[in-house]
Q: 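Provided herewith is a single structure, encoded as structure tokens, for subsequent inquiry.
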Amino acid sequence: MDTNRPSGIWIPLITPFRGGRIDLAALQRLTDDYLAAGIHGLIVGGTTGEPATLSAAEQDAALDAVLETVAGRCPVIAGLSGNDTQALLDRLPALERRSIAGLLSVAPYYTRPAQAGLIAHFGALAEATALPIVLYNIPYRTGVNLELATVQALSAHSNIVGIKDSGGNMSQLMDLIEHTRLNVLAGEDHLIFTTLALGGHGAISAAAHLLPERFVRLYAATQNGDWEAARTLARQLRPLVQALFSEPNPGPIKAVLAREGRIAEELRLPMTPVSAACRETVWEIYQTLRATP
């Protein structure tokens, strides 16, 4: 795999907390588990990691802990997002000092810039660093869509190499795959199989925190042309994916990992633990899947 052009199954790591602090030991244990499962790459500081509640020092500590554990065994991409372009530029040097494979950067949220603003924003980041950049399009969180023409314009920057698409628009997904040079990664877990079948390059999957080897097998089946096996795995995983996003991510994921004793079930406000009904539903589906070959 060309680590400058991400493909395969990537996990946007949760941030485990214990007593209000990041549980770095738990984060490193999770990292080891996902490497053993054959995950192709890891994201630190993606949305699933609750980065809006982390200080820069905490983000650095989490990234360093993961990099120490990975020790070159898989690429690690760092999240770099916000709605103040200059603040992101100021943050770049700290990230560039670390052995990361690139940056994942979401469209500026809340301010809802025009497409020209998106081009200028991401263009400024691309001009300021040599690190590969993966764009992140998730309009239902940011309030703005990265239009195809905008992505095509940004593709002029050689270090903008991929896009995580969480737009849920099949026409736009197909256009991104067919009419840009970027590696297109599914950002909606229920669309992983669809994205791969259309010619996409992989997924950044929060759901892959659980049964990661199944997601890796799904990807491998599509690459080997074994579509029947891929469809079977996608059908098996669908109830789990639906349950994991029945309440705000990463609450359901943390509930399962906590029940397994791998982390404490702790989130930072405004995120809260899941309901008892959600906790039981997700656990039951997860246990059923674990018992299924």
Side-chain angles (χ1 to χ4, degrees), residues 8-51 53-54 58 61-63 65-71 73-74 76 189-190 192 203-219 233-269 271-293:
I9 302 297
W10 291 59
I11 292 181
L13 287 165
I14 62 157
T15 303
F17 300 111
R18 189 174 294 274
R21 296 187 173 188
I22 298 178
D23 186 345
L24 295 175
L27 180 59
Q28 291 184 310
R29 288 192 297 271
L30 288 173
T31 298
D32 257 333
D33 290 343
Y34 297 136
L35 289 169
I39 285 297
H40 301 99
L42 296 167
I43 310 286
V44 179
T47 308
T48 303
E50 302 171 72
T53 68
L54 302 178
E58 287 177 318
L63 182 56
V66 171
L67 288 170
E68 178 184 337
T69 306
V70 166
R73 289 181 286 170
C74 83
V76 177
D189 287 49
H190 67 283
I192 294 174
I204 297 175
S205 169
H209 278 88
L210 307 181
L211 302 176
E213 68 287 344
R214 302 278 179 105
F215 290 86
V216 172
R217 281 166 50 199
L218 168 58
Y219 173 77
L233 284 162
R235 291 188 189 110
Q236 287 178 346
L237 290 167
R238 185 168 178 262
L240 179 65
V241 169
Q242 289 178 318
L244 287 175
F245 293 93
S246 62
E247 293 192 15
N249 178 51
I253 291 168
K254 283 193 166 184
V256 173
L257 293 176
R259 192 156 175 173
E260 290 186 310
R262 299 164 74 186
I263 64 168
E265 190 177 354
E266 203 172 304
L267 298 98
R268 283 188 175 171
L269 287 172
M271 300 301 295
T272 54
V274 298
S275 65
C278 176
R279 184 178 290 107
E280 290 306 312
T281 297
V282 174
W283 182 254
E284 181 179 336
I285 293 169
Y286 175 56
Q287 291 299 105
T288 299
L289 272 176
R290 288 184 67 189
T292 304

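For the single chain, residues carry numbers from 1 onward in sequence order.
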Q: What residues form a salt bridge (charged side-chain N to carboxylate O under 4.0 Å, His left out) with Arg29, not counting sequence neighbours?
A: none
Q: How about His40 and Tyr219: are their ring centroids closer than 6.0 Å?
A: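 Yes; Tyr219 has its ring centre under 6.0 Å from that of His40.
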Q: Any side-chain to backbone donor/acceptor pair from Asp189 onto Val241? Under 3.5 Å, distance only.
A: no
Q: List for me each residue that meets ring-ring contact (aromatic ring centres under 6.0 Å, His included) alongside Phe17, sequence neighbours excluded, and say none if there are none.
A: none
Q: Please enumerate all residues that pass side-chain hydrogen bond (donor to acceptor under 3.5 Å, both in side chains) together with Thr272, with sequence neighbours excluded.
A: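 Once residues adjacent in sequence are excluded, Thr272 has no partner under the side-chain hydrogen bond (donor to acceptor under 3.5 Å, both in side chains) criterion.
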Q: Taking atom types as modelled, find out whether Ser275 and Glu247 have a side-chain donor-acceptor pair closer than 3.5 angstrom.
A: yes
Q: Listed by chain and number, what are the salt bridge (charged side-chain N to carboxylate O under 4.0 Å, His left out) partners of Glu213, not counting sequence neighbours?
A: none
Q: For Arg238, give me all partners under side-chain hydrogen bond (donor to acceptor under 3.5 Å, both in side chains), at least two apart in sequence or on another chain.
A: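 Counting only residues at least two positions away or on another chain, Arg238 forms no side-chain hydrogen bond (donor to acceptor under 3.5 Å, both in side chains).
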Q: Does Ser246 have any side-chain contact (heavy atoms from CB on, under 4.5 Å) partners at least two apart in sequence or in another chain, and if so, which?
A: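 Ser246 satisfies side-chain contact (heavy atoms from CB on, under 4.5 Å) with Cys278 only.
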Q: State which residues pass side-chain hydrogen bond (donor to acceptor under 3.5 Å, both in side chains) with Arg268; sequence neighbours excluded, sorted by chain then number.
A: Glu58
Q: Looking only at heavy atoms, which two atoms of Ala61 and Leu24 are closest? And how far apart?
A: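 Taking Ala61 first and Leu24 second, the nearest heavy atoms are O-CD2, 3.8 Å.
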Q: By salt bridge (charged side-chain N to carboxylate O under 4.0 Å, His left out), which residues pair with Glu265, not counting sequence neighbours?
A: Arg279
Q: Tell me, please, which residues at least two apart from Asp32 pass side-chain contact (heavy atoms from CB on, under 4.5 Å).
A: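 Per chain and number, Asp32 pairs via side-chain contact (heavy atoms from CB on, under 4.5 Å) with Leu35, Thr69, Arg73.
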Q: Is any side-chain heavy atom of Ile22 less than 4.5 Å from a side-chain heavy atom of Leu54?
A: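 SC-SC contact between Ile22 and Leu54 confirmed.
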Q: Check side-chain hydrogen bond (donor to acceptor under 3.5 Å, both in side chains) between Thr281 and all other residues, then give those that pass, not counting sequence neighbours.
A: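 Expected list: none.
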Q: For residues 11-23, pull every pair meeting side-chain hydrogen bond (donor to acceptor under 3.5 Å, both in side chains), keeping only residues two or more places apart or in separate chains.
A: Arg18-Asp23
Q: How far apart are the closest heavy atoms of Ala62 and Leu27, and which atoms are they?
A: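 Shortest heavy-atom contact: O-CD2, 3.7 Å.
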Q: CD1 of Ile9 to CD1 of Ile192: how many Å apart, nearest 0.5 Å?
A: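 Taking CD1 in Ile9 and CD1 in Ile192, the distance rounds to 5.0 Å.
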Q: For a quick test of reading the model, state the closest non-hydrogen atom pair linking Ile11 to His209 and the distance between them.
A: CG2-CE1, 3.4 Å
Q: How would you list, by chain and number, every residue that makes a salt bridge (charged side-chain N to carboxylate O under 4.0 Å, His left out) with Glu266, sequence neighbours excluded?
A: none
Q: Which pair of non-hydrogen atoms, one from Asn249 and one from Ile253, has the smallest distance, and what is that distance?
A: OD1-CD1, 3.4 Å
